[in-house]
Amino acid sequence: MIRFLTAGESHGKAVTVIAEGFPSNLPIKKSYIDFHLKRRQQGYGRGGRMKIESDAAEILSGIRNGKTLGSPISMLIKNKDWVNWKEIMDAEKIPGDTVKINIPRPGHADLVGISKYDFDDIRNSIERSSARETAARVAAGTIARKYLEEFGINVGSYVESIGDIFPKTNFTESLLLNNIRKDFNAWHLSKRSDQSDVRVLDDEHQKKIINKIKTAKKRGDTLGGSFIVVASGVPVGLGTFMHYDRRLDAGIASAIMSINAVKGVEIGQGFQNANAFGSQVHDEIIKSGHGFTRKTNRAGGIEGGISTGLPIIVRAAMKPIATLMSPIESVNLSTMRKVDARRERSDFVAVPACAVIAESMLAWVIAEHFSEKFGGDSIRETKDNYNNYTRKLFSRMKKNFKK
Ligand code: EPS
């Protein structure tokens, strides 16, 4: 089993992560991790913070001479902004006054955080609830991504809408209707969307979205949106219907929903399918070479909590950023009077970054199920197990059903 644990506050010294359970001899380079960390920082509509940070992973353990050792991999990503917060974030109480935050922002973790943890300063809620933590998740997710790539599994994403602006051509539909090439590689989606400032697949769409973001900025407002994250090359048989919490779709939904500001997750054509006839929903089975495929992929690559072998397709909805420059109503907790919610530096839109984070979370969950199924202390052992399973899959089935 693989697992990870992150630590770190948004304006503390650093965010860190320990990822463990990966087999030995998995090739991985720091530049590869940094590449994906950088992708998370992009996107038109982000605030001043991203101009300060240039995320890079300092590898503290678990990797030697470009390969995993099988030991826990620990990584540290510095918060460059920390120098501006040294006193506020100091672990010791520094003599003098600390300005305490007493006006919660609706939609942020401010009010629930102080209620739950008995804080006398909203800053204590802000720091750990911040999406800064997702840098550490991407570092861990990138190890998972590399592990999956060894087996031809790739992950990619694109933004589908921001501020209710959708593209003219519905590319997602063609994915769901399985109108894709057999050798489809989900990373190519990201290769394309990474060219766009808002991670969409066509220029016209980008133009309209950027205009909408400009309008939001002018109004002191923020926007959310939806994005698609896809994994290709996933073999049939990851996940299980044997236990509720080991279903692949349940794990994916939980992991994607855990990303800050994500409020909806859909696998395949989940919501649309709910309103159609069964005959218009289920993916017909057809024989293909030494195995099977489906005419469509409306199930998004998962049936019965188990991967079908078709691309895993996830749609997620991100709510608009909670910090508004033209604030809505809140309460001053010191006076208990009605006031405008507090303004502070923040992003206007973070949907493009959110999609990159979702790639890491999807890679992580698939890697979890993959390592559970194929195990192995070294990558060679995992490959032997994987090849043994996949090569004999169809012949085993034929034998079982022979008349
Ligand atoms: C965030 C607020 C902003 C974002 C931050 C998440 O930071 P700051 O308050 O320092 O301006 O930029 O995101 C990141 C730092 C990051 O690395 O993604 C929040 O309140 O969640």
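Each ligand, and each atom within it, is numbered from 1 in the order the structure gives.
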Between Phe348 and Tyr44, is a ring-ring contact (aromatic ring centres under 6.0 Å, His included) present by the stated rule, with each step listed?
-> CA-CA 9 Å; Phe348 293 93; Tyr44 182 85; 9.2 Å; no
Shortest non-hydrogen separation from Leu26 to Ile379 and the atoms involved | CD1-CD1, 4.1 Å
Contacts under 3.5 angstrom, residues 32-39 side chains, donor-acceptor by atom type, not counting sequence neighbours:
unit_1	atom_1	unit_2	atom_2	d
Tyr32	OH	Glu149	OE1	3.2
Tyr32	OH	Glu149	OE2	2.7
Asp34	OD1	Ala57	N	2.7
Asp34	OD2	Lys30	NZ	2.7
His36	ND1	Arg39	NH1	3.1
Arg39	NE	Asp194	OD2	2.6
Arg39	NH1	Glu359	OE1	2.9
Arg39	NH2	Ser190	OG	3.2
Arg39	NH2	Asp194	OD1	3.4
Arg39	NH2	Asp194	OD2	3.4
Arg39	NH2	Glu359	OE1	3.3
Arg39	NH2	Glu359	OE2	2.9

State, without any angle test, whether Ser130 and Ser10 hold a side-chain donor-acceptor pair at a distance under 3.5 Å.
-> yes
Polar contact flag, side-chain donor to acceptor under 3.5 angstrom, Thr98-Arg123 = no
Please list, by chain and number, the protein residues whose heavy atoms come under 4.0 Å of ligand 1.
-> His11, Arg40, Arg46, Arg49, Met50, His108, Ser130, Ala131, Arg132, Glu344, Arg345, Ser346, Asp347
Begin with the C-alpha distance, continue with both residues' side-chain angles, and end with the deciding distance and a verdict on salt bridge (charged side-chain N to carboxylate O under 4.0 Å, His left out) for Arg315 and Glu160.
-> CA-CA 9 Å; Arg315 177 185 276 119; Glu160 193 179 42; 2.8 Å; yes
